[in-house]
Amino acid sequence: MQQKNHPIPVSGTDAALAWKDPQHTPHFQELVRLLLSRFFCHGVLDDIPEADIPLLVRGAALHDIGKLWIPTEIINKSGSLTPKEAALMKKHTILGASFVEQALQGQEGTPEYTYFREICRHHHERWDGNGYPDGLRENETPRYVQIIGMADALDALLTRRSYRPAMDPEDAIWLVSKGGCGIFSPQLRAVFDHEIGHIVRAVYFPTDFWERDKAASLRPL
């Protein structure tokens with residue numbers, strides 16, 4: 001792989017996990033942890049043991065690591081991407097999975113390898129099969145990846161980007177729930193709707209920030 005953007009971490013689990021995604025809020029991993037925990041309690045996250053949730057949270061931090069190989073001018077573009085730029089951006093899923101394969105070479109079959117690779121490659125798949133890179137449908141994408149995809153979509157909407165301001169939390173929740181930023185499992189959306197208000201308040205507004213200075217509190221540190 002050819003470096004296009006930031007310095008590439010050296011191979012190995014510890015170095016890979018040290019990478020932090022600058023396009024998400026500092027609260028992203030806590031959002032993932034609470035979502036996975038609540039989905040597990042509802043009995044719909046039946047493809048992992050509960051003890052693996054912390055490992056999935058660590059893996060979620062790597063979901064966009066493939067963007068290290070996408071040109072910075074595309075990552076930070078203020079306007080719409082051209083079809084060619086959009087196609088290149090979508091390759092971050094394949095590049096991220098390839099990074100995991102290289103960083104964890106010799107550990108094939110371990111939970112770290114399986115979880116991290118699945119998260120990187122498939123967090124943009126859609127329930128209706130119109131996602132990427134593999135066009136997986138319904139539960140062909142593991143449920144834990146679908147839930148991390150929901151967290152990714154929500155936290156991204158709550159983050160100021162070069163092409164738009166941070167979104168109001170109620171509007172961001174509505175978009176994720178109603179399919180405005182990706183099509184998710186109806187079963188998972190039902191649990192999301194039931195739990196997300198409490199989770200957003202706990203993660204993003206633990207004190208009086210809910211009513212005071214929403215936009216500032218959502219910007220990355």
Side-chain angles (χ1 to χ4, degrees), residues 21 23-61 63-64 93 115 118-119 122-132 135-161 164-215 217-220:
D21 186 350
Q23 290 203 310
H24 276 284
T25 76
H27 313 291
F28 173 66
Q29 286 177 271
E30 179 64 6
L31 175 63
V32 171
R33 185 187 71 80
L34 288 178
L35 275 175
L36 289 170
S37 296
R38 294 313 302 158
F39 275 93
F40 191 90
C41 289
H42 279 270
V44 298
L45 187 54
D46 57 4
D47 50 352
I48 64 161
E50 186 175 14
D52 282 0
I53 287 177
L55 185 59
L56 291 173
V57 173
R58 291 162 64 195
H63 74 285
D64 272 345
T93 55
Y115 291 153
E118 285 285 340
I119 290 166
H122 292 135
H123 64 278
H124 281 296
E125 302 289 357
R126 294 165 59 112
W127 183 254
D128 61 4
N130 290 323
Y132 62 89
L136 302 183
R137 298 179 61 87
E138 301 183 357
N139 285 324
E140 290 178 342
T141 303
R143 286 193 179 94
Y144 65 84
V145 178
Q146 295 181 51
I147 295 166
I148 290 170
M150 298 176 94
D152 177 30
L154 180 61
D155 191 77
L157 292 171
L158 295 175
T159 307
R160 180 171 56 86
R161 297 293 172 90
R164 60 158 175 77
M167 187 173 289
D168 181 85
E170 290 87 349
D171 293 337
I173 290 169
W174 187 89
L175 278 176
V176 175
S177 177
K178 305 306 177 185
C181 56
I183 304 299
F184 298 104
S185 158
Q187 183 185 28
L188 297 187
R189 283 192 288 114
V191 177
F192 179 89
D193 290 345
H194 184 268
E195 296 286 352
I196 196 58
H198 303 292
I199 290 175
V200 164
R201 285 171 174 83
V203 172
Y204 297 96
F205 308 104
T207 57
D208 61 344
F209 288 151
W210 185 257
E211 296 299 336
R212 181 172 63 85
D213 197 14
K214 292 178 181 178
S217 66
L218 290 170
R219 295 187 187 120

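For reference, positions follow the sequence shown, starting with 1.
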Test item: Arg143 side-chain N/O and Leu45 main-chain N/O as donor-acceptor pair under 3.5 Å: no

Below 4.0 angstrom, N of the basic side chain to O of the carboxylate: do Arg137 and Asp128 qualify? no

Audit row: Phe192, Leu35, side chain to side chain contact (heavy atoms under 4.5 Å, CB included) steps and yes/no: CA-CA 8 Å; Phe192 179 89; Leu35 275 175; 4.3 Å; yes

Over all heavy atoms of both residues, which pair between Leu158 and Ala172 is shortest? Give the atoms and the distance, please. CD2-CB, 3.8 Å

Quick one, His123 and Thr141 - any side-chain contact, counting heavy atoms below 4.5 Å? no

Any side-chain heavy-atom pair from Asp46 and Phe40 closer than 4.5 angstrom? no

Exam field: side chain Glu125 to backbone Gly135, donor-acceptor pair closer than 3.5 Å: yes

Sub-3.5 Å donor-acceptor pair from the side chain of Arg58 to the main-chain atoms of Pro54, do we have one? no

Side chain to side chain contact (heavy atoms under 4.5 Å, CB included) assessment of Trp127 paired with Glu140: CA-CA 9 Å; Trp127 183 254; Glu140 290 178 342; over 6 Å; no

Within-4.5 Å side-chain heavy-atom neighbours: Leu56 and Val32: no

So, Arg189 side chain and Ser177 main chain: donor-acceptor pair closer than 3.5 Å or not? yes

Hey, are the side chains of Ile196 and Val191 touching, using non-hydrogen atoms and a 4.5 Å cut-off? no

Between His63 and His124, do the side chains contain a donor N or O and an acceptor N or O under 3.5 Å apart? no

Regarding Glu195 and His42, is there a side-chain donor-to-acceptor distance under 3.5 Å anywhere? yes

Give the minimum heavy-atom separation between Val200 and Leu154, together with the two atoms involved. CG2-CD2, 4.0 Å

If you take all heavy atoms of Ala153 and Phe184, which pair is closest and at what distance? CB-CZ, 4.4 Å

So Tyr204 and Thr25, side chain to side chain contact (heavy atoms under 4.5 Å, CB included) or not? Walk me through it. CA-CA 9 Å; Tyr204 297 96; Thr25 76; 3.7 Å; yes

Side-chain contact, heavy-atom cut-off 4.5 Å: Pro142 with Tyr115? no

Are the side chains of Phe39 and Met150 in contact, using a 4.5 Å heavy-atom criterion? yes

Is the closest side-chain donor-acceptor distance between Asp47 and Tyr144 under 3.5 Å? no

Which heavy-atom pair separates Ala151 from Leu31 by the least distance, and what is that distance? O-CD2, 3.7 Å

Between Asp64 and Thr93, is there a side-chain heavy-atom distance shorter than 4.5 Å? no

Decide yes or no for Val203 and Phe28: does some side-chain heavy atom of the first lie under 4.5 Å from some side-chain heavy atom of the second? no

